[in-house]
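Everything on this sheet refers to the single structure shown next.
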Amino acid sequence: MKKITNAKIVCVLYDDPVDGYPTNYARGDIPKLDTYPDGQTLPSPHAIDYTPGALLGSVSGELGLRKFLEERGHTLVVTSDKDGPESVFERELVDADVVISQPFWPAYLTAERIAKAKNLQLAITAGIGSDHVDLQAAIDHNITVCEITYSNSISVAEHVCMMILSLVRNYIPSYNWVIKGGWNIADCVSRSYDIEGMNIGTVAAGRIGSAVLKRMKPFDVKLHYTDRHRLPVEIEKELNVTFHESVESMIKVCDVVTINCPLHPETEHMFDEKMISKMKRGAYLVNTARGKICDRDAVAKALESGHLAGYAGDVWFPQPAPNDHPWRTMPHHAMTPHTSGTSLSAQSRYAAGSREILECWFDGKPIRNEYLIVDGGKLAGAGAHSYSEGNVTGGSKEAEKFKTVD
Ligand code: NDP
């Protein structure tokens with residue numbers, strides 16, 4: 001295959017910290033991993049031009065790609081200005097060959113935008129979850145879409161466990177009493193329980209879902225899962241996990257439900273009012289998969305009525321969430337901005353993965369099958385396994401309503 005030269009790469013990253021790009025870090029290094037848990041090898045670019053553990057996901061970090069791209073004669077444009085027709089992204093997209101975007105601050109590649117991007121051949125998701133791309137339009141326009149499979153799956157699994165414990169033990173309100181100068185033990189514990197003995201279920205037992213099951217097992221809970229494909233029997237035995245044919249069958253027995261499937265037409269608004277009404281009264285829902293898998297207003301309503309005891313996650317729709325998004329103010333939530341998959345540890349892996357993909361692309365070499373979502377006009381690789389055709393970007397224009405808060 002022919003080598004690609006003189007390409008234009010548009011990379012959309014979140015803003016630098018309000019205090020400026022860091023000059024030093026809380027820790028000197030990050031652990032070096034040998035492989036992912038299933039034996040998949042870590043990203044393997046020929047070289048990297050950053051120090052692992054540095055902030056790479058914000059504009060000044062540039063995913064550590066500038067030196068590499070410019071030395072090869074390519075043009076790199078990095079911006080956080082991604083929403084609206086006047087945005088830098090929309091302007092630069094017109095003659096871009098490659099777009100890179102992170103799910104935390106997604107550059108929505110709608111059909112409308114794809115139609116304007118006449119040169120676009122490759123859309124890289126620096127992370128996991130390519131639902132911000134209209135995959136149907138990518139299929140129709142023969143654009144390759146790929147993501148850095150496994151790069152932040154364990155980061156998210158750790159976050160899920162933290163959020164389950166935070167909700168059930170009522171951690172955030174208790175922390176807030178300390179900040180307020182109080183010692184209000186009864187206020188703190190009147191919604192605080194042990195998770196021991198609880199039924200905990202995951203919607204999907206892929207890389208994240210199965211890592212959550214593995215991590216929750218030592219808490220002596222009863223584990224459940226539902227998925228399109230069943231786990232190997234020896235893993236089910238090892239985890240002592242019960243398989244359910246349907247989401248409905250699982251949620252009705254669970255005290256805690258965690259959502260770990262991709263967002264695609266089959267899962268969009270899966271947790272609507274009807275589904276939530278089938279959950280146990282007092283159940284907790286943790287969603288670090290994608291905001292749109294849940295119905296925004298149904299979640300807020302279930303918390304207000306007390307049907308759900310708590311909701312946590314880091315994913316919203318759209319992103320950034322408008323300042324008046326009801327999940328910012330609904331009761332008993334433990335939401336964060338979309339951060340779970342962009343720890344400094346994760347950034348190092350998906351920056352390396354982005355570079356590996358670019359090296360392959362420019363050198364005319366095949367991209368790893370496990371990174372592919374759409375290729376050759378159809379779902380491919382990880383995409384063929386875990387997604388369905390179609391588009392879930394509808395409504396993403398609402399991200400324009402967000403106003404920066406310093
Ligand atoms: P995997 O591909 O390993 O797992 C996804 C699993 O979802 C697969 O087992 C798949 O089933 C299953 N699935 C797909 N559709 C359905 C469905 N309709 N019902 C039940 N199960 C379904 O991906 P990861 O575990 O690594 O990531 C999962 C998702 O988590 C990502 O797509 C992304 O949206 C989100 N994520 C969030 C991050 C964050 O920062 N908050 C970071 C990383 C990921 P099968 O393959 O068996 O068909």
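Whatever order the structure lists them in is the order used to number ligands and atoms, beginning at 1. All values below come from the heavy atoms of this structure, side chains included, with hydrogens, waters and symmetry mates left out. Numbers for residues simply follow the sequence, beginning at 1.
Heavy atoms of G127 stay at 4.0 angstrom or farther from ligand 1. Residue H159 places every heavy atom at 4.0 Å or more from ligand 1. Proximity of F104 to ligand 1 is established by a heavy-atom distance of less than 4.0 Å. No heavy atom of A382 sits closer than 4.0 Å to any atom of ligand 1.
Inter-residue side-chain proximity for V253 and K222 is flagged as unmet; no heavy-atom pair is nearer than 4.5 Å. Looking at H325 and P320, their side chains never come closer than 4.5 Å, going by heavy atoms from C-beta outward. A heavy-atom distance below 4.5 Å is not found between the side chains of F243 and L231.
Of the N or O atoms in I208, one or more lie within a sub-3.5 Å distance of an N or O in ligand 1. By the 3.5 Å distance cut-off applied to N or O atoms, H385 is counted among the residues near ligand 1. On a distance-only criterion, T226 and ligand 1 share no N/O pair closer than 3.5 Å. Ligand 1 has an N or O atom lying under 3.5 Å from an N or O atom of G341, backbone or side chain.
Proximity of R207 to ligand 1, defined as any heavy-atom pair under 4.0 Å, is shared by backbone and side chain alike. When non-hydrogen atoms are compared, ligand 1 lies under 4.0 Å from neither the backbone nor the side chain of T149. Residue N152 touches ligand 1 through its side chain alone, judged by heavy-atom distances below 4.0 Å. Only side-chain heavy atoms of E266 come within less than 4.0 Å of ligand 1; its backbone N, CA, C and O stay farther off. Neither the backbone nor the side chain of T342 has any atom closer than 4.0 Å to an atom of ligand 1 (non-hydrogen atoms only). Using a 4.0 Å cut-off between heavy atoms, H338 contacts ligand 1 through its side chain alone, with no backbone atom that close. Only the side chain of T267 comes within 4.0 Å of ligand 1, counting heavy atoms alone; its backbone N, CA, C and O stay farther away.
Distance check: L63 CG to S348 OG gives 11.0 Å after rounding to the nearest 0.5 Å.
Salt bridge annotation for K397-E112: present, with a cationic side-chain nitrogen under 4.0 angstrom from a carboxylate oxygen. The existence of a salt bridge linking K217 and E238 is excluded, since no basic side-chain nitrogen approaches an acidic carboxylate oxygen closer than 4.0 Å. Salt bridge status for K401 with E398: present, with a side-chain N to carboxylate O gap under 4.0 Å.
Here the heavy atom of the protein found nearest to atom 35 (C) of ligand 1 is A289 O, 3.6 Å. For atom 9 (O) of ligand 1, the nearest protein heavy atom (residue, atom name, distance) is D227 OD2, 2.8 Å. Given atom 15 (N) of ligand 1, the protein heavy atom at minimum distance is H264 NE2, 3.0 Å. From the protein, the heavy atom lying nearest to atom 21 (N) of ligand 1 is A204 CB, 3.7 Å. For atom 47 (O) of ligand 1, the closest non-hydrogen atom on the protein side is H229 ND1, 2.4 Å. Remark: minimum distance from atom 4 (O) of ligand 1 to any protein heavy atom is reached at G206 CA, 3.4 Å.
Of the candidates C261, G209, G129, the one placing a heavy atom closest to atom 29 (C) of ligand 1 is C261. Closest heavy-atom approach to atom 42 (C) of ligand 1 within the set T125, N260, T202, V156: this belongs to V156.
A side-chain donor-acceptor contact under 3.5 Å links Y225 and E236. Judged by distance alone, the side chains of T267 and R290 never bring a donor and an acceptor atom under 3.5 Å apart. At a cut-off of 3.5 Å, with distance as the only test, no side-chain donor of D314 or T288 sits close to an acceptor on the other residue. No side-chain donor from either of T393 and T110 sits under 3.5 Å from a side-chain acceptor of the other. T342 and Y350 form a side-chain donor-acceptor contact under 3.5 Å, judged by distance and modelled atom types alone.
Side chain of N287 to main chain of G313: no donor-acceptor pair is present (N/O by atom type, distance under 3.5 Å, no hydrogens or angles).
In this structure, the ring of H74 has its center less than 6.0 angstrom from the ring center of F362.
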